[in-house]
Amino acid sequence: AMVSTQSTGAMAWQGNVAAMPVPMQMYYPAGSSTEQGEVAEPVVNFLKWFYHFIEKNEIYHVENMYEDGYYKISDFYFKDKPWPSPEVVQGIVEEKDEGSIFMILYRELYYRHIYARLKPTLEHRFDSYANYCELFSYLLTAEEPVKIELPNKWLWDIIEEFVYQFQSFQQFKSKAGKINDEEKSMLRDDEDNVWKVTAVLNILLQLTEKCNINQQLIAMEKGEPITEDIAGEFGLKPIYTMTGFFSLVGLLRLYCLLGDYHMALSCIEHVQFKDKDMMALVPACQITANYYAGFAYLMIRKYANTIQLYQHILGYMQRTKQFFQNRSFQADDINKKNEQMLALLAIASTFCPLRLDESVNIQIKEKQGDKVARIQHGDMAVYDDLFFSGCPKFLSPVVSENPTSPFGSSGPRGLQLQVFKAEVEQQRLIPTLRSFLKLYTSIPISKLAKFLDMHENEVRCCLMAFKHKKEVAKGDSVDQTTMDIDFYVDKDMVHISDTKIARHYGDYYVQQVLKLRESNKLILGAALTPVVTTNTA
């Protein structure tokens with residue numbers, strides 16, 4: 001009987017969301033959220049069942065309501081205003097304890113919605129941070145594993161939003177000229193160091209250590225079973241394991257925003273970027289991890305690793321784009337990441353020419369083809385455009401009220417661009433040098449110097465730089481034969497070995513066959529659709 005009641009309840013709230021009429025009476029007027037009676041009936045129904053399923057730990061229904069109902073109701077009722085205040089919701093669900101796990105989780109959704117749809121005030125930022133601290137304290141200070149389970153998607157969204165709100169707060173503080181006197185006074189009186197970088201890092205690190213996630217990943221890599229000796233008492237619970245894993249990706253993102261790329265990559269040292277890995281359980285996590293890992297490899301000049309990661313994830317995104325298009329709240333973020341990775345891949349493939357998959361190559365030509373052509377004609381300014389198009393919004397670990405930024409007028413982003421441009425300058429002559437070397441099997445340095453209009457000693461320096469950059473660009477675990485050219489210098493003679501791999505035509509034919517099948521489906525679908533005519537007589 002209980003199962004039947006729950007199923008009926010789940011269908012009840014789903015029916016209310018699905019059958020929302022366009023002309024309807026709203027019980028929640030704009031700017032008013034003080035009384036329970038002002039909340040629309042379908043929202044009240046949703047909140048009560050959401051509370052029920054969380055309290056009963058019915059993870060299937062919680063997942064369904066979170067991934068479907070929450071976003072539908074947000075789009076329909078709260079497109080340009082906040083959800084009911086936590087105080088109102090506490091009365092709706094008749095929860096006596098404002099510190100209960102349901103109220104903590106609801107406040108997380110409440111503040112996240114404000115960040116996404118509205119402009120958060122400084123008080124919202126402070127309260128949201130306090131709520132996150134309460135949520136993570138609930139998990140970290142428990143003497144034994146908590147009983148509640150949450151969907152993997154929600155756990156990932158919590159970690160991602162935590163890092164995003166930290167990023168947003170740092171950007172807010174950096175705009176000293178736009179902060180009013182009252183907000184400046186609140187920031188000066190902040191004794192709890194809200195959204196302090198060390199506190200955020202410490203929370204994420206504690207979440208990874210609570211479940212021994214790195215030890216679990218090492219055991220998985222070796223094919224060993226996960227036991228309590230490896231994972232610990234808490235690590236055997238999915239809520240701790242997945243939160244710890246997502247925290248590794250959160251640390252990767254945070255260190256990239258701060259410009260510490262080696263530390264960022266050390267956080268995911270044991271993470272396997274495979275379709276069947278833990279990361280693949282939440283596609284948004286997989287895309288985020290690949291984007292930031294690829295960018296970190298780019299900034300430490302391991303371009304082959306960047307290409308390897310981006311080729312894999314861009315192909316995955318192309319295969320699953322229909323899934324994201326059906327979820328409008330994710331489509332924009334996914335499309336933006338796709339554009340960013342294509343820009344960074346265009347840079348990496350210029351510095352380290354490797355054979356790209358046909359589908360990825362087509363995307364680069366469509367989106368960045370003109371810029372790649374300008375680079376090939378020696379236009380170095382294009383690198384700036386591609387870098388700004390693909391890089392994340394960097395942060396400074398310390399924010400000062402002094403309007404004169406130590407990073408210059410463009411802030412941390414400009415500093416990272418300077419580092420990148422220094423590498424571009426070192427690589428400036430390498431494409432020209434490569435093009436000449438590919439024409440010969442051996443060539444005297446004196447002849448090469450005439451082609452380049454340089455002194456012989458300068459050519460030797462360029463050859464050494466080329467060799468050095470080429471070795472660094474190979475990165476880790478990348479087949480060295482994928483590099484398009486190799487050479488060595490014997491006294492005054494350069495000997496070239498062409499290591500270019502023959503093109504794989506199979507990928508091209510497979511893609512064309514798939515396109516033909518799609519075209520046939522469209523044609524057959526159009527042919528089978530009946531033509532309806534109306535008699536106007």
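Given the structure is predicted, the values throughout are model-derived calculations rather than measurements. When reading the values below, keep in mind they use all heavy atoms of this one structure, side chains included, and skip hydrogens, waters and symmetry mates.
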Next item on the list: Look up atom CD1 in I159 and atom CG in L254, then write down how far apart they are to the nearest 0.5 Å.
Entry: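 Going from the CD1 atom of I159 to the CG atom of L254 covers 11.5 Å.
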
Next item on the list: Any chance you could measure C133, atom SG, to F162, atom CZ, to the nearest 0.5 Å?
Entry: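 Answer rounded to 0.5 Å: 6.5 Å.
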
Judged by modelled atom types alone, do [X] and [Y] share a side-chain donor-acceptor pair under 3.5 Å?
X    : Y    : value
Q416 : Y261 : yes
D157 : Y66  : yes
E108 : Y132 : yes

Notebook entry, point to check: Of L258, L252, D260, which is the lone residue that meets side chain to side chain contact (heavy atoms under 4.5 Å, CB included) with C256?
Noted result: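 It is L252; the other options fail the test.
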
Checklist line | Shortest non-hydrogen contact between L298 and A348, atoms and distance | finding: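 Nearest pair, atom of L298 first, then A348: CD1-CB, 4.0 Å.
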
With a 6.0 Å cut-off on the ring centroids, do [X] and [Y] count as close?
X    : Y    : answer
W154 : F50  : yes
F295 : Y303 : no
F172 : W195 : no

Check: For E63, which residues count as a side chain to side chain contact (heavy atoms under 4.5 Å, CB included) partner, sequence neighbours excluded?
Finding: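 Checked E63 against side chain to side chain contact (heavy atoms under 4.5 Å, CB included); matches are E67, P151.
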
Notebook entry, point to check: For A116, which residues count as a side chain to side chain contact (heavy atoms under 4.5 Å, CB included) partner, sequence neighbours excluded?
Noted result: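 Testing A116 for side chain to side chain contact (heavy atoms under 4.5 Å, CB included), a comparison that skips the adjacent residues, returns none.
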
Item checked: Test: R107 and E134 ion pair at under 4.0 Å ->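 A salt bridge links R107 with E134.
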
Notebook entry, point to check: Should we say atom CD of E224 is surrounded by more than 12 heavy atoms from elsewhere, each under 6.0 Å from it?
Noted result: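 Check passes, neighbour count above 12.
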
Check: Taking only residues two or more places apart in sequence, or in another chain, which ones meet S128 in a side chain to side chain donor-acceptor pair (under 3.5 Å)?
Finding: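 S128 satisfies side chain to side chain donor-acceptor pair (under 3.5 Å) with Q165 once adjacent residues are dropped.
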
Notebook entry, point to check: With a distance cut-off below 6.0 Å to the six-membered ring centre and an angular limit of 45° from the axis, does K302 pair with Y297 as a cation-pi contact?
Noted result: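 That pair does not qualify as a cation-pi contact.
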
Next item on the list: Could you please spell out the steps behind the ring-ring contact (aromatic ring centres under 6.0 Å, His included) verdict for F245 and W156?
Entry: CA-CA 9 Å; F245 181 81; W156 161 248; 9.1 Å; no

